[in-house]
Amino acid sequence: MGWYFSRQTRDQLIHKLIELQEAENARSEVIAHALRGNVLWSVVRITAKQAGFMKLAAGDSINVIRCDLLQGSGGEWGHKPLDESMHPYYYSCPLRYLDMAPVQSTEWREGVLAHHARRRMPASAA
């Protein structure tokens with residue numbers, strides 16, 4: 001996926017990314033979010049409105065971990081939407097989010113765990 005830019009502030013973009021989204025096939029609700037630099041981590045509950053959307057029955061939900069990369073350029077802010085299944089190669093996702101969504105990428109989750117383990121390691125042990 002590419003980058004999506006529009007004339008808005010960083011705060012406006014973040015607000016847009018975490019607001020409730022209603023579409024014909026599904027409803028997406030951010031149930032947790034955290035900003036780590038210019039990476040917006042979210043746990044999104046997707047509820048199918050029609051059978052077959054994301055292999056769900058109508059009314060069923062699934063939680064996914066989303067990673068939106070944020071970038072400013074020329075008075076505009078944009079984002080690049082990614083999710084766990086894409087193995088985004090960013091690992092600052094809050095650890096508690098791993099318990100909030102089913103595993104989509106074991107390798108990515110191992111990277112998240114390793115990232116947080118390195119952050120907890122004293123500088124003298126590195």
Side-chain angles (χ1 to χ4, degrees):
M1 292 193 148
W3 285 84
Y4 301 93
F5 280 86
S6 61
R7 196 160 291 283
Q8 60 189 339
T9 66
R10 183 173 184 257
D11 287 344
Q12 289 169 327
L13 173 60
I14 292 167
H15 178 75
K16 181 87 172 152
L17 292 172
I18 62 173
E19 72 183 7
L20 179 68
Q21 301 290 320
E22 293 280 353
E24 184 178 323
N25 296 333
R27 176 178 199 242
S28 298
E29 177 184 10
V30 173
I31 59 173
H33 70 278
L35 194 57
R36 302 289 185 261
N38 276 332
V39 180
L40 176 64
W41 292 103
S42 312
V43 178
V44 182
R45 177 168 296 131
I46 300 169
T47 304
K49 291 183 177 178
Q50 300 175 358
F53 184 79
M54 292 188 69
K55 301 179 182 176
L56 296 170
D60 284 354
S61 299
I62 187 170
N63 291 348
V64 297
I65 298 173
R66 191 173 73 196
C67 169
D68 285 284
L69 307 180
L70 309 177
Q71 183 176 319
S73 178
E76 297 183 337
W77 274 88
H79 71 107
K80 181 174 185 162
L82 303 165
D83 65 57
E84 175 184 351
S85 70
M86 300 170 173
H87 190 137
Y89 295 98
Y90 291 82
Y91 303 104
S92 60
C93 177
L95 285 174
R96 68 185 184 93
Y97 289 10
L98 302 182
D99 294 329
M100 297 174 72
V103 175
Q104 300 291 319
S105 172
T106 302
E107 183 179 313
W108 175 79
R109 286 182 179 231
E110 290 169 356
V112 171
L113 294 171
H115 167 82
H116 286 282
R118 282 191 302 275
R119 292 193 67 216
R120 285 191 301 268
M121 187 183 315
S124 60

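All residue numbers in this chain count up from 1 along the given sequence. Computed from heavy atoms alone, side chains included, the values below leave out hydrogens, waters and symmetry copies.
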**Student:** For Trp41 and Cys67, which heavy atoms make the closest approach, and how far apart are they?
**Tutor:**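 Scanning both residues completely, I find the closest heavy atoms to be CZ3-CB, 3.4 Å.
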**Student:** Suppose clustering is done on Ile, Leu, Val, Met, Phe, Trp and Tyr with side-chain heavy atoms closer than 4.5 Å. Which residues sit in the same group as Val103?
**Tutor:**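 Answer for Val103: none, a lone residue.
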**Student:** Hey, could you give me the CG/CG distance between Leu82 and Asp68, rounded to the nearest 0.5 Å?
**Tutor:**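 If we round to the nearest 0.5 Å, Leu82:CG and Asp68:CG are 7.5 Å apart.
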**Student:** Quick one: list whatever passes ring-ring contact (aromatic ring centres under 6.0 Å, His included) with His33, sequence neighbours left out.
**Tutor:**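 ring-ring contact (aromatic ring centres under 6.0 Å, His included) list for His33, sorted by chain: empty.
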**Student:** So with a 6.0 Å cut-off around CZ of Phe5, is the heavy-atom count from everything else above 12?
**Tutor:**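 Yes - once you tally the heavy atoms of other residues, nucleotides and ligands closer than 6.0 Å, there are more than 12.
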**Student:** If we ignore angles and hydrogens, is there a donor and acceptor under 3.5 Å between the side chains of Thr9 and Asp11?
**Tutor:**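 Not at all, the side chains of Thr9 and Asp11 share no donor-acceptor pair under 3.5 Å.
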**Student:** Report the residues that fulfil side chain to side chain contact (heavy atoms under 4.5 Å, CB included) with Glu107, sequence neighbours left out, ordered by chain and then residue number.
**Tutor:**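 Checked Glu107 against side chain to side chain contact (heavy atoms under 4.5 Å, CB included); matches are His87, Ser105.
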**Student:** Could I get the full list of side chain to side chain contact (heavy atoms under 4.5 Å, CB included) partners for Ile31, not counting sequence neighbours?
**Tutor:**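 With neighbours one apart ignored, the set is Glu29, Val43, Arg45, Asn63, Met100.
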**Student:** Given side chains that start at C-beta, do those of Pro81 and Asp83 come closer than 4.5 Å, heavy atoms only?
**Tutor:**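 Answer no - side chains too far apart.
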**Student:** Does any non-hydrogen side-chain atom of Lys49 lie less than 4.5 Å from one of Arg27?
**Tutor:**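 Yes, their side chains come closer than 4.5 Å.
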**Student:** I'd like to check the side chain to side chain contact (heavy atoms under 4.5 Å, CB included) partners of Ser6; sequence neighbours left out, ordered by chain and number.
**Tutor:**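 With sequence neighbours excluded, Ser6 shows a side chain to side chain contact (heavy atoms under 4.5 Å, CB included) to Gln8, given in chain and number order.
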**Student:** As an exercise, state the distance from NZ of Lys16 to OH of Tyr4, rounded to the nearest 0.5 Å.
**Tutor:**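 Atom-to-atom, Lys16:NZ and Tyr4:OH are 14.0 Å apart.
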**Student:** Tell me the closest heavy-atom pair linking Arg7 and Gly74, and the distance in Å.
**Tutor:**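 Smallest heavy-atom distance, with atoms named: NH1-O, 3.9 Å.
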**Student:** Please give me the minimum heavy-atom distance between Pro94 and Ala34, naming the atom from each residue.
**Tutor:**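 Result for this residue pair: CG-CB, 3.7 Å.
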**Student:** Step through the shown structure and confirm whether more than 12 heavy atoms of other residues, nucleotides or ligands are within 6.0 Å of NE2 on His115.
**Tutor:**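 Atom NE2 in His115 is crowded, with more than 12 foreign heavy atoms closer than 6.0 Å.
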**Student:** Of the non-hydrogen atoms in Arg109 and Ile65, which two are nearest, and what is the gap between them?
**Tutor:**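 Closest approach of Arg109 to Ile65, heavy atoms only: NH2-CD1, 3.8 Å.
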**Student:** Does a side-chain heavy-atom distance below 4.5 Å link Cys93 with His116?
**Tutor:**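 Sidechains of His116 and Cys93: no contact.
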**Student:** Leu35: which other cluster members, linking ILVMFWY side chains closer than 4.5 Å, directly or transitively?
**Tutor:**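 Members alongside Leu35: Leu13, Ile14, Leu17, Ile18, Val30, Leu40, Val44, Ile46, Phe53, Met54, Leu56, Ile62, Val64, Leu70, Trp77.
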**Student:** Might you work through the side-chain contact (heavy atoms from CB on, under 4.5 Å) test for Glu24 and Gln50, ending with a clear yes or no?
**Tutor:** CA-CA 8 Å; Glu24 184 178 323; Gln50 300 175 358; 3.9 Å; yes
**Student:** Could you state the interatomic distance from OG (Ser42) to CZ (Arg66), rounded to the nearest 0.5 Å?
**Tutor:**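 Going from OG on Ser42 over to CZ on Arg66, the span is 4.5 Å.
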**Student:** Would you confirm whether Trp108, through its side chain, and Tyr90, through its main-chain N or O, come within 3.5 Å as a donor-acceptor pair?
**Tutor:**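 It does hold such a pair.
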